[in-house]
Each structure stands twice: as structure tokens, then as C-alpha cells.
Amino acid sequence: MTAQRTPRLDRATVVDAALALLDRTGLDGLTLRAIAAELDVKAPALYWHFKDKQALLDEMATEMMRRMSATPLPPSGDWRETYLATMHSLRAELLRHRDGARVFSGSRFTDTGFAAGQEAGLRVLVDAGFTLPAAARAWYTGYAYTIGYTIEQQAMGPNDFTGDGGHDLDARARRLADHPLAAEAGRVMFDDFDHGYDQGLTAVLAGIEATLLT
């Protein structure tokens, strides 16, 4: 039987419901059937708007990028400040949603709304002396670091939405008593993720400046 169009549904409504459900259940609990139940419709009604779950994830990631881009970064005369501010803005948006970084990773944007911000960021680097290939590599390196770090933070750290999870670092150290360096490293890797992100991004920035800036 062909699904009947539901006039009151649109893509934005479905995405808003999906993001709200994501925050409660995480990505593993996000299904088209569960979203349909949230909207009080039958699951086939969603297929008018999204052909499958990946199409929905693509739109969710695009909406996250739209929200990040809605507030332009303040102009700066220093490319380093612009670079750091952009990556911090991306991470902040990923952390606004449970498993936000997993949703974002590997998704394809459904419109070109991201392009103006990317163009502006690349322009800052090119104007600072980067070649376009070097600017692109610098931009993508920070982007990939930020997404990867945030995926690990949301998987390994305390859950900001439920309050549970996270490493028991003392128990980990006891298990690794025969490996003292590895035991102590856990207190660096799995504690104070904000500070850890900042340290790592500073290292990324130093490497970019040392190897890519002509």
C-alpha cells in the first residue's frame, strides 16, 4: 500500500523530532519507527521526506552545521585565532547533542549552506600566506581532529545527557598496576576533556604552522 502524504509533516519537523529523540536515546536508539511514534504518525509517512535513515542523518548533520554557522565568528586579524575559534564552535555544536559527533561524522550535507563559512575560513588562511592546497589540508586536519576527539569524548566520558558512564580512573589504574605509564596516562586521556581538546588543538595548530605555512 502506498503511504499517504501527511500534510502537517515537513523535513524540518522531522529533523527537530529526530534531534530531540537523539538526545534522549543516543544514536543507537534513533530509528525511523521511533521518530514516527514521537510525531504520532506511521513510519511510512517519513519516507515522503527521507528515503532512509542515512538521508535523515545527513539532514540532521546539515541542520547542526546551519546552527553553527548562524552566528558568524567575530573578525580577527590573526588566522590562528580564527582557526581556533572555528574548531571550538564546531565542537560546541557537536556537544549540544548526545552522540552529535557520530551523527556528524561521515554525513553529507544536503545543501550548500556550509560553503560560505568554509570559503571565509579558507580565505583567511590563503590571505595569511597558505597555498590553497595547504589551507585545505590545514582546515580538514582541524575538522577531523575535532570530530574524532568529540566522538571519543562522547563515548568514553560521562554522558552529559544522562549523567552516567565515564571511566573509573582509579579502578583503571589498579587494573594496569603492572604498566605504570599506561595507568597514569589514563588520568590524562580520560579526565578533563575540555583541557585535553585544547592541548591537542594547540599541537595541531603548531604542526600546521610549522609544516604547511609557506
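Note: hydrogens, waters and symmetry copies are ignored here, and every other heavy atom, side chains too, is used. All of these numbers come straight from a predicted model, not from anything done at the bench.
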> Run the side-chain donor-acceptor check on residues 119-141: report pairs under 3.5 Å with partners two or more places apart or on a different chain.
residue, atom, partner, partner atom, Å
T131, OG1, A134, N, 3.1
T141, OG1, R137, O, 2.7

> So do the side chains of W79 and E209 get within less than 4.5 Å of each other, counting heavy atoms only?
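Yes; the side chains approach each other to less than 4.5 Å.
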> Does any N or O in the side chain of T25 come within less than 3.5 Å of the main-chain N or O of L21, such that one atom is a donor and the other an acceptor?
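Such a contact is found between T25 side chain and L21 backbone.
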> Assess the residue pair W48 and L9 against the criterion (side chain to side chain contact (heavy atoms under 4.5 Å, CB included)); give the C-alpha distance rounded to whole Å, side-chain angles, the decisive distance to 0.1 Å, and a yes or no.
CA-CA 9 Å; W48 284 105; L9 274 187; over 6 Å; no
> Is there a side-chain contact between D198 and L201 (heavy atoms, below 4.5 Å)?
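Heavy-atom side-chain distance check fails, nothing below 4.5 Å.
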> Within the distance-only criterion (no hydrogens, no angle test), does the side chain of T86 pair as donor or acceptor with the backbone N or O of T82 below 3.5 angstrom?
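Yes; at least one donor-acceptor contact below 3.5 Å.
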> Is any side-chain heavy atom of F104 closer than 4.5 Å to one of L90?
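A side-chain contact exists here, since the closest heavy-atom pair is under 4.5 Å.
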> What is the distance from atom CG of L22 to atom CG of L27, rounded to the nearest 0.5 Å?
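With rounding to 0.5 Å, CG (L22) is 6.5 Å from CG (L27).
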> Please report the closest heavy-atom contact between A18 and L30, naming both atoms and the distance.
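The pair with the smallest heavy-atom distance is O-CD1, 3.5 Å.
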> Among residues at least two apart in sequence or on other chains, which ones pass side chain to side chain contact (heavy atoms under 4.5 Å, CB included) with D168?
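By the side chain to side chain contact (heavy atoms under 4.5 Å, CB included) rule, D168 matches D170, A171.
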> Parallel, tilted or perpendicular: which describes the rings of Y149 and Y145, with under 30° parallel and over 60° perpendicular?
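Y149 vs Y145 ring planes: tilted.
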> Given I35 and F50, is the side chain to side chain contact (heavy atoms under 4.5 Å, CB included) satisfied, shown in steps?
CA-CA 12 Å; I35 297 166; F50 301 100; over 6 Å; no
> Would M189 and F193 show up in the same hydrophobic cluster when neighbours are defined by side-chain heavy atoms closer than 4.5 Å?
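Yes, same cluster.
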> Could you walk me through whether D192 and D194 satisfy the side chain to side chain contact (heavy atoms under 4.5 Å, CB included) test, starting with their C-alpha distance in whole Å, then the side-chain angles of each, then the deciding distance to 0.1 Å, before giving a yes or no?
CA-CA 5 Å; D192 196 349; D194 291 342; 4.0 Å; yes
> So, Q154 side chain and L94 main chain: donor-acceptor pair closer than 3.5 Å or not?
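Answer holds: yes.
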> Hey, what do you get for CZ (F114) to CE (M65), rounding to the nearest 0.5 Å?
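The CZ atom of F114 sits 8.0 Å away from the CE atom of M65.
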> With rounding to the nearest 0.5 Å, note down the distance linking CG in D99 to OG1 in T150.
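Answer rounded to 0.5 Å: 12.0 Å.
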> How long is the straight-line distance from NZ of K53 back to CG of L32, given to the nearest 0.5 Å?
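Here the rounded value is 7.5 Å.
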> CZ/R96 to CE/M68 distance, rounded to the nearest 0.5 angstrom?
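Nearest 0.5 Å value for the CZ-CE distance: 10.0 Å.
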> Are R102 and D28 side-chain neighbours, meaning at least one heavy-atom pair lies under 4.5 Å?
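Heavy-atom side-chain distance check passes, below 4.5 Å.
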> Kindly compute the distance separating OG (S107) from CE (M64), expressed to the nearest 0.5 Å.
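Rounded to the nearest 0.5 Å, the OG-CE separation comes out at 8.5 Å.
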> State, to 0.1 Å, how close A173 and R187 come at their nearest heavy-atom pair, and which atoms those are.
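Shortest heavy-atom separation between A173 and R187 comes out as CB-NH2, 3.6 Å.
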> Would you give me the side-chain donor-acceptor pairs under 3.5 Å for residues 38-47, sequence neighbours excluded?
residue, atom, partner, partner atom, Å
E38, OE1, R24, NH2, 2.8
E38, OE2, R24, NH2, 2.8

> Do we see a donor-acceptor contact under 3.5 Å between the side chains of T13 and D10?
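Yes, side-chain donor-acceptor contact under 3.5 Å.
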> Could you list the donor-acceptor pairs under 3.5 angstrom formed by side chains in residues 55-63, with sequence neighbours left out?
residue, atom, partner, partner atom, Å
D58, OD1, Q54, NE2, 2.9
D58, OD1, R108, N, 3.0
E59, OE1, R11, NH2, 2.9
E59, OE1, T110, OG1, 2.5
E59, OE2, R66, NH1, 3.2
E59, OE2, R66, NH2, 3.0
T62, OG1, D58, O, 2.7
T62, OG1, T110, N, 2.9
T62, OG1, T110, OG1, 3.4
E63, OE1, R66, NH1, 2.8
E63, OE2, R67, NE, 2.9

> For H88, check ring pair (Phe, Tyr, Trp, His ring centres under 6.0 Å) against everything at least two apart and list the hits.
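Partners of H88 under the ring pair (Phe, Tyr, Trp, His ring centres under 6.0 Å) test: Y197.
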> Taking only residues two or more places apart in sequence, or in another chain, which ones meet R172 in a salt bridge (Lys or Arg N to Asp or Glu O under 4.0 Å)?
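None.
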> D23 and R98: which non-hydrogen atoms are nearest, and at how many Å?
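For D23 and R98, the tightest heavy-atom pair comes out as OD1-N, 3.1 Å.
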